Amino acid sequence: MRILQLHCDSIEFTPTKKEIKNAEENVSKETTRLEELVVAFVAVEKGDDSLVAKDAISQIKNSMDKIGCKKLLLYPYAHLSSNLASPSIAISLLKEMELLASDLDVSHSPFGWTKSYKIQVKGHPLAESSKVITKKETTFSGEPSKDEITSEALKSESKIKSFWYVLSPDGKMTPISDFNFSNHPKLELLSKYESAKKRSVDEPPPHVALMKKLAIADYEPASDSGNMRFFPNGRLIKSLIEQYVTARVKDYGGYEVETPIMYDSHHPSMVSYFNRFPARQYNIDSEGKQLFLRFAACFGQFLMANEFQLSYKNLPFRLYELTRYSFRREQSGELVGLRRLRAFTMPDCHCFCKDMNQSIDEIKTRFDLSQSVLGELGIEESDYEMAIRFTEDFYKENKKTVEDLVRKLGKPVLIEMWKEKFFYFVLKWEFNFIDSLGKASALSTDQIDVENGNRYGIDFVDENNVKTNPIILHNSPSGAIERIIYVLLEKAAFDSKQGRKPQLPLWLSPTQVRIIPLKDEFNDFCNTLAEKISSHNIRVDIDDRNDSIGKRIREAEKEWIRYILVVGEKEANSENLSIRDRKTGNVRELSFGDFIKEFKEQTRNKPFSGLNMPKLLSQRPQLMV
RNA sequence: GCCAAUGUAGCUCAGCCUGGCUAGAGCAUUCGACUUGUAAUCGAAAGGUCGUGGGUUCAGAUCCCAUCAUUGGCUCCA
């Protein structure tokens with residue numbers, strides 16, 4: 001007996017006509033709809049008997065118990081086997097099974113009828129399984145059926161055996177249980193987080209409140225969970241980070257492209273890649289096509305590279321896209337603020353290399369790039385820990401490469417080693433930010449992919465005029481942009497907790513300079529001053545509201561504005577500016593030129609974009625308190 | 001997805017356990033007064049489907065059930 005068991009949101013079936021002579025009688029041709037159930041497609045095979053039926057139903061019940069489902073539909077399905085039992089035996093065994101399951105809400109679809117059906121299968125790991133039950137030895141395989149669009153990777157992941165080590169810059173490899181973490185508390189957190197999955201926190205991450213207070217981003221209840229909206233401040237910050245990362249990747253040699261956000265699940269190049277990953281994508285049906293929203297930039301770039309005429313002389317060749325968005329339908333319980341989203345912005349740079357040596361050179365360059373990009377975004381080496389994951393074979397052949405990466409970082413690194421290759425890559429490294437609650441989130445990452453060149457039919461002609469698949473590196477120098485904002489806010493919250501003033505990097509501050517006129521009569525002067533400052537590409541606004549000076553300063557402080565210029569009698573008649581610097585809380589007097597100079601030194605080489613709200617605060621709606 | 005907690009005005013929260021006047025406060029908003037010298041000027045007004053849908057009750061923000069969202073834990077993170 002062969003059974004394909006599916007945990008479904010719903011199924012609808014309609015008997016259309018009799019397929020065989022001794023089909024079930026008295027069948028209604030109405031459509032039957034059932035919800036929240038397990039559908040068992042059953043093919044009864046030659047030699048099956050009551051014992052097999054009994055065994056089958058007990059296995060089905062067993063797994064239904066695990067997933068907490070109490071409704072079962074037995075669906076006769078001949079196409080699972082080429083060795084079918086006779087219809088009469090099949091009917092009787094199916095009836096027997098139905099009877100044995102009568103403690104559940106059980107039903108069956110008519111035997112021997114051609115039926116049309118519509119099914120919606122759930123996306124969790126246990127939703128799909130196939131069973132083969134025979135008389136002699138009853139076997140059970142809880143693995144996802146290979147016939148279905150499902151996840152080979154899920155199967156692999158559950159079987160995957162990882163060996164965990166810490167690799168020090170001096171080349172010493174220590175199993176994590178033996179490593180002395182006393183000087184590396186964050187690495188210890190990462191190790192526990194990754195290997196033992198041990199976490200204990202009971203407060204919400206501080207960035208969630210901050211992203212609202214600073215009017216950066218918020219949940220959008222009208223969308224799906226994990227799809228955020230960005231207010232003008234947030235959009236400005238995000239846009240600047242996007243521009244910066246893109247500029248850096250282009251400097252490094254990436255060529256920017258743009259590719260569709262949705263793909264046909266049945267496109268030949270997609271099927272096998274797609275099936276290797278958990279079914280966590282958004283699906284869209286359109287005119288008979290089953291489309292899915294991309295979860296990375298890989299597809300678009302690979303399909304594009306497939307059409308390139310590449311020679312070894314062109315390699316390494318780098319394609320880059322900043323995906324707005326990539327979509328991953330993470331489980332609802334996994335979503336948190338800006339840390340884990342269902343729609344996120346991901347810089348993704350793929351490098352096609354002619355051989356392993358070239359990819360190893362390249363991966364080192366990209367390591368430096370990633371580290372530098374993070375640093376310029378305000379995320380220091382001490383904020384993150386590195387993990388490197390690879391197959392044992394790769395390590396044996398490229399021990400030095402792994403050690404070089406660790407030496408570059410200059411501190412011990414978490415190592416995960418696999419006996420076999422389960423994923424498409426042989427090595428992957430990533431930087432993990434460890435927040436003040438001990439949570440780890442991956443930022444920059446790079447992978448050495450040895451499968452997708454072949455899978456997507458990407459090839460180049462080598463020195464010997466032979467078509468060869470390139471090795472592909474997958475690098476995100478910063479990780480998701482939203483996650484960068486999360487890190488900056490978490491760092492600020494941590495500063496605040498330690499009694500320091502929280503602050504965003506100056507180049508990312510929505511308002512960089514605020515002018516406060518003491519009385520209305522100075523408004524014109526302030527306007528002129530604002531024009532002058534803003535002509536140097538500085539975001540300056542004016543708090544012209546009718547509030548006390550103390551209050552307006554307090555407001556500016558709450559918005560984390562770095563420079564506050566109060567303008568009164570004295571300033572209006574002087575060449576100098578009175579500058580309140582949030583960093584120190586003190587008021588300084590500086591000439592206009594000196595101030596601009598000081599300012600510009602801090603934002604050098606960073607992108608600029610103008611104010612994203614009215615210049616006059618009196619014209620600004622209150623978005624958040 | 002599973003388990004738990006939370007959901008009351010634009011925001012932060014009180015009220016809920018023990019059902020009962022017209023559901024309160026601060027901030028924000030509007031109006032008025034004040035014309036301000038470096039982290040909250042004073043007064044008034046307006047603002048609420050108590051997340052949503054059912055149920056119990058003479059009566060539900062309050063008790064019960066379901067559902068949605070957020071947060072935490074589990075799982076997961078290509």
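All figures in this text were calculated on a predicted structure; none of them were measured in a lab. Just so we're on the same page: letters track the sequence lines, and every chain starts at 1.
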| A/Met211 CE to B/U70 C1': how many Å, rounded? | 10 Å

| query | Does B/U12 have OP1 or OP2 sitting under 4.0 Å from an N or O in the side chain of A/Lys213? | reply | no

| request: Report yes if a donor N or O on one partner sits less than 3.5 Å from an acceptor N or O on the other, where the partners are the side chain of A/Gln622 and the base of B/U29; otherwise report no. | output: no

| query | Quick one: are the ring centres of A/Trp429 and A/Phe367 less than 6.0 Å apart? | reply | yes

| request: Determine, for A/Phe163 and A/Lys419, whether the Lys NZ or Arg CZ falls below 6.0 Å from the six-membered ring centre while staying within 45 degrees of the axis. | output: yes

| Roughly, in whole Å, what's the span from NZ in A/Lys439 to P in B/C74? | 7 Å

| What is the per-nucleotide protein-contact pattern of nucleotides 34-41 of chain B, from the 5' end, where B denotes a base atom under 4.0 Å from a protein heavy atom, S denotes such proximity for sugar-phosphate atoms only, and - denotes neither? | BBBBBBBS

| query | Expressed in angstrom and rounded to an integer, what is the separation of A/Leu210 atom CG from B/U70 atom P? | reply | 19 Å

| Should A/Glu36 and A/Lys71 count as an ion pair when the cut-off is N to O under 4.0 Å? | no

| message | Work out how far the C1' atom of B/U41 is from that of B/A23, and round it to whole angstrom. | response | 31 Å

| Atom CG of A/Leu617 to atom C1' of B/A28: distance rounded to whole Å? | 14 Å

| request: Calculate the interatomic distance between A/Glu334 atom CD and B/U70 atom P; express it in whole Å. | output: 13 Å

